[in-house]
> 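Below are the structure tokens for one structure; questions will follow.
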2 protein chains.
Amino acid sequence: MIKPIQHRRCTLRDVAKAAEVSLSTASNALNGVGRVNVETRERVLRIARGIGFRPNALARSLLSRRSLTIGIITDDTYGRLTLPISSGVSEVLVDHGVSAFLCATSGDRRLAELHLQALLDKQVDGIIFTATRLDVEPPIDLTVLNVPVIYAFAAGPFLSTSFVPDDAHGAMLAIAHLQEAGCRDILHITGPESWLAARNRAEVYRNRCGPSSPVMFGAWSEEWGHEAIGRVLSARKKLPDGIFCGSDEIARGVLDGLRDHSISVPADVSVIGFDNWEVVSRQTRPPLTTIDMELKEIGHRAGLAMLQLTRGEPVEKGVIRLPCSLVRRESVVSRASVDTSPVP
Amino acid sequence: MIKPIQHRRCTLRDVAKAAEVSLSTASNALNGVGRVNVETRERVLRIARGIGFRPNALARSLLSRRSLTIGIITDDTYGRLTLPISSGVSEVLVDHGVSAFLCATSGDRRLAELHLQALLDKQVDGIIFTATRLDVEPPIDLTVLNVPVIYAFAAGPFLSTSFVPDDAHGAMLAIAHLQEAGCRDILHITGPESWLAARNRAEVYRNRCGPSSPVMFGAWSEEWGHEAIGRVLSARKKLPDGIFCGSDEIARGVLDGLRDHSISVPADVSVIGFDNWEVVSRQTRPPLTTIDMELKEIGHRAGLAMLQLTRGEPVEKGVIRLPCSLVRRESVVSRASVDTSPVP
DNA sequence: TTGAAAGCGCTAACAG
DNA sequence: CTGTTAGCGCTTTCAA
């Protein structure tokens, strides 16, 4: 039998007519509610499947007041964070039939407002706001909405719930890994001091490596990593044996600078990055050992929390810091094995 | 007057009641249709604004059969292409009140089907499919839907419309730029020959530089660029004066390899990349002159085309190749100025 | 066990 | 110029 092109999706009415039952019976049968004769139900089901019936979600939502739809508003122009996070979100939501609108605001307030209005008009069940750092305010006020809001990689206001990477944990992981590899003189080269993430990580660094340990704040760029190495080399008599970088890009600059001076990584000095941005960290020479912020997991948690909220269940409030993970590549090696390796 | 927290959004009925008119008058007034007394209209408008009335898009859509909603299905796990494209799409759509669902399939067929079903149930007005290359089939069949489909950075089936970067134009731009800079001996280092994009660009290269010009196919990685330079240096007596790379990552490896051999870029050889992936191309030493694929523009065009289709207007069919652009940084310089520069 | 009827929030005919 | 009525596609009482 040839399936005709359907210019109008078939409706419950079509099913009911074909099955020779009323609308409500068809509805009950399909949703498995109420008391429907087994045979009737089977027949309705079979026919519905046969004509490819799918209920109109719009009509359902209008009645149920749940649109099975959420909005993700992002500040991130670049996509580095947004795509992993939002695909994490929809991964956990799609099985519950909920879809996510993605709204990129590029930091433009007008655009953000436009998007927000459109989302609200479309009766989204909730909104997830995503940014690229924790210490800037969202461009729009989301505190007065009558839908739940979750913040991901962004710090929400009082009594909201935010999922963010645990920078301190990440820093700890990085430093502990260097120390376990035998590093005793660790240097920290990182981004601007104005960034909370940079300060948080630096604090952990100072706690573990001594309060006078040198933190080099700069830019989040490769160039800065390169330049920092130049400075270190001209200022210090002794090379550090480990360098903890605030980002993979900085680490790449560091690696580059070191190579320019014929200093070998990891033989002479171990280097660890932060971000696990694979386009960077997998392509360095040597491939970079680094800290992964588990962005997808942040998305998962945000999505799950949203699901609970839309069901009216309570959700933990406050800033929830999710653990980072260490990804071992080749830029860190045990000092011991370097020092004691016999020269053939 | 204190605005109470609205636990239920107010409806047209509320407005009508407050303005002491009927539902339809209120509707007409708000939509500026039919003949409504100026004073009445003003009053309705004022009251609507006062109580913050916004029409329920779900109810509207149910009636109008247009949901002002589209779906973007993407194959891209990484986000390199998807975010620029999809933000391009929603940039042109948001002003028309349409929002976009983003569905990341990670190439998983089941996931793709799930997402597609959810989109269709939600009555999207259309679907944009995005991938990362032009020569692979979408994981799902989109040809039998009863909503319009547009392909972006993906080649659709017969009689569909696709927007893709014009690889040949990009290659032409790159080579012309090198030639204008005086390069006479240009080498092409690119990705796997199995990729259509690589073959297309190589063809342009051969056309412009002579059919025997050497194309080095390899991987889309930095490592390959590096390795290729090693091979070139050990095989050839004379260095090329220009290198056209198939991607920024390859170019970065090339730059790196060249530096290892103390060959200066651009003084000794000019290098040009492809992609303008800024995390790579802005951070190389020297910053990379490269070809931008204008992803956002692809998104714009796809969004616009979708808008037309949803209005029932016709749209050009076939694969529409959008021009690339040259972004000049510092890895290409005129041979003339290099050769003839006076030594002080 | 089934069906008729009301209604989610809105728009569009058609009378008045 | 304004109001009444019907209905988008579905769920849900409440009678039969």
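All values below come from the heavy atoms of this structure, side chains included, with hydrogens, waters and symmetry mates left out. We name chains A, B, ... by the order of the sequence lines, and we start the count at 1 in each one.
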> Rounded to whole Å, how long is the line connecting atom CG of B:N56 with atom P of C:dG7?
18 Å
> Between the opening five pairs and the closing five pairs of the helix from C:dT1-D:dA16 to C:dG16-D:dC1, how far apart are the helix axes, to 10°?
50°
> Select from B:A59 and B:V33 the residue whose nearest nucleotide in DNA chain C is closer to the 5' end of that strand.
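Final value for this comparison: B:A59.
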> To the nearest Å, how far apart are B:L12 CG and C:dC8 C1'?
13 Å
> In whole angstrom, what separates A:Q123's CD from D:dC10's P?
19 Å
> Kindly state each residue pair satisfying salt bridge (Lys or Arg N to Asp or Glu O under 4.0 Å) with at least one member in residues 74-86 of chain B, sequence neighbours excluded.
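As it turns out, there is no salt bridge (Lys or Arg N to Asp or Glu O under 4.0 Å) pair with a partner in residues 74-86 of chain B once direct neighbours are skipped.
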> Dump the pairs, protein N or O against N or O of nucleotides 14-16 of chain D, anything under 3.5 Å, distances to one decimal.
none

> Let me see the working for B:I70 and B:I127 under side chain to side chain contact (heavy atoms under 4.5 Å, CB included), right down to the final yes or no.
CA-CA 6 Å; B:I70 67 154; B:I127 287 179; over 6 Å; no
> Whole angstrom is fine here: how far is it from CG in B:L68 over to C1' in D:dC8?
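One finds 15 Å between C1' of D:dC8 and CG of B:L68, rounded.
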> Does any pair with a residue in residues 17-41 of chain A pass salt bridge (Lys or Arg N to Asp or Glu O under 4.0 Å), and if so which ones, sequence neighbours excluded?
none
> Identify all pairs in which a protein N or O lies below 3.5 Å from an N or O of nucleotides 1-4 of chain C, and state each distance.
unit_1 : atom_1 : unit_2 : atom_2 : d
C:dT1  : OP2    : A:R35  : NH1    : 3.4
C:dT2  : OP1    : A:T40  : OG1    : 2.6
C:dT2  : OP2    : A:N37  : N      : 2.7
C:dT2  : OP2    : A:T40  : OG1    : 3.4
C:dG3  : OP2    : A:S22  : N      : 2.8
C:dG3  : OP2    : A:S22  : OG     : 3.4
C:dG3  : OP2    : A:T25  : OG1    : 3.1
C:dG3  : N7     : A:S24  : OG     : 3.1
C:dA4  : N6     : A:S24  : OG     : 2.9

> Only pairs at least two apart or in different chains count here, so list each salt bridge (Lys or Arg N to Asp or Glu O under 4.0 Å) that has a residue in residues 49-63 of chain A.
A:R54-B:D121
> Can you identify which nucleotide, out of C:dG9, C:dC8, D:dT12, has its nearest atom closest to the A:L63 side chain?
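Out of C:dG9, C:dC8, D:dT12, the nucleotide with an atom closest to A:L63's side chain is C:dC8.
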> Within the structure, does a side-chain N or O atom of A:R65 lie under 4.0 Å from either OP1 or OP2 of C:dG9?
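The answer is yes; a side-chain N or O of A:R65 sits under 4.0 Å from OP1 or OP2.
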> Distance check needed: D:dC10 P versus B:L58 CG, whole Å only.
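Atom CG in B:L58 sits about 14 Å away from atom P in D:dC10.
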> Give every residue pair that meets the salt bridge (Lys or Arg N to Asp or Glu O under 4.0 Å) criterion with at least one member in residues 131-153 of chain B, sequence neighbours excluded.
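Only B:R133-B:D135 qualify under salt bridge (Lys or Arg N to Asp or Glu O under 4.0 Å).
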> From B:L12 CG over to B:D14 CG, what is the distance, rounded to the nearest 0.5 angstrom?
8.5 Å
> Mind calculating the distance between CG (B:D14) and P (C:dC8) to the nearest angstrom?
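The answer, rounded to whole Å, is 11 Å.
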> I'd like to check the salt bridge (charged side-chain N to carboxylate O under 4.0 Å, His left out) partners of A:D292; sequence neighbours left out, ordered by chain and number.
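Residues passing salt bridge (charged side-chain N to carboxylate O under 4.0 Å, His left out) with A:D292: none at all.
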> Between B:T82 and B:T130, is there a side-chain donor-acceptor contact under 3.5 Å, judged purely by atom types and distance?
no
> Could you tell me whether the side chain of A:T11 and the main chain of A:R13 form a donor-acceptor pair under 3.5 Å?
yes
> List the residues meeting salt bridge (charged side-chain N to carboxylate O under 4.0 Å, His left out) with B:R110, not counting sequence neighbours, and say none if there are none.
A:D95
> Round to the nearest Å and state the distance from B:E42 atom CD to D:dC1 atom C1'.
16 Å
> Hey, can you pull the donor-acceptor pairs under 3.5 Å for the side chains in residues 148-162 of chain B, sequence neighbours left out?
unit_1 : atom_1 : unit_2 : atom_2 : d
B:S160 : OG     : B:P157 : O      : 2.4
B:S162 : OG     : B:G156 : N      : 2.9

> I'd like a table of donor-acceptor pairs (distance under 3.5 Å, sequence neighbours excluded) in which one partner is a side-chain atom from residues 310-319 of chain A, with atom names and distances.
unit_1 : atom_1 : unit_2 : atom_2 : d
A:T310 : OG1    : A:R66  : NH2    : 3.3
A:T310 : OG1    : A:M306 : O      : 3.3
A:T310 : OG1    : A:L307 : O      : 2.7

> Please answer whether the main-chain N or O of A:V36 pairs with a side-chain N or O of A:T40 as donor and acceptor at a distance below 3.5 Å.
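No; judged by distance alone, with no hydrogens or angles, the pair does not exist.
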> Assess the side chains of B:T25 and B:S22: does a donor N or O sit below 3.5 Å from an acceptor N or O?
yes
> Round to the nearest Å and state the distance from A:L62 atom CG to C:dT11 atom P.
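For the pair A:L62 CG and C:dT11 P, the rounded distance is 12 Å.
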> Which ones in residues 113-120 of chain B lie close to DNA chain D, meaning a heavy atom under 4.0 Å from one of its atoms?
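Heavy-atom cutoff 4.0 Å gives no residues at all.
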> Would one find a side-chain N or O of B:R13 under 4.0 angstrom from OP1 or OP2 of C:dC10?
no
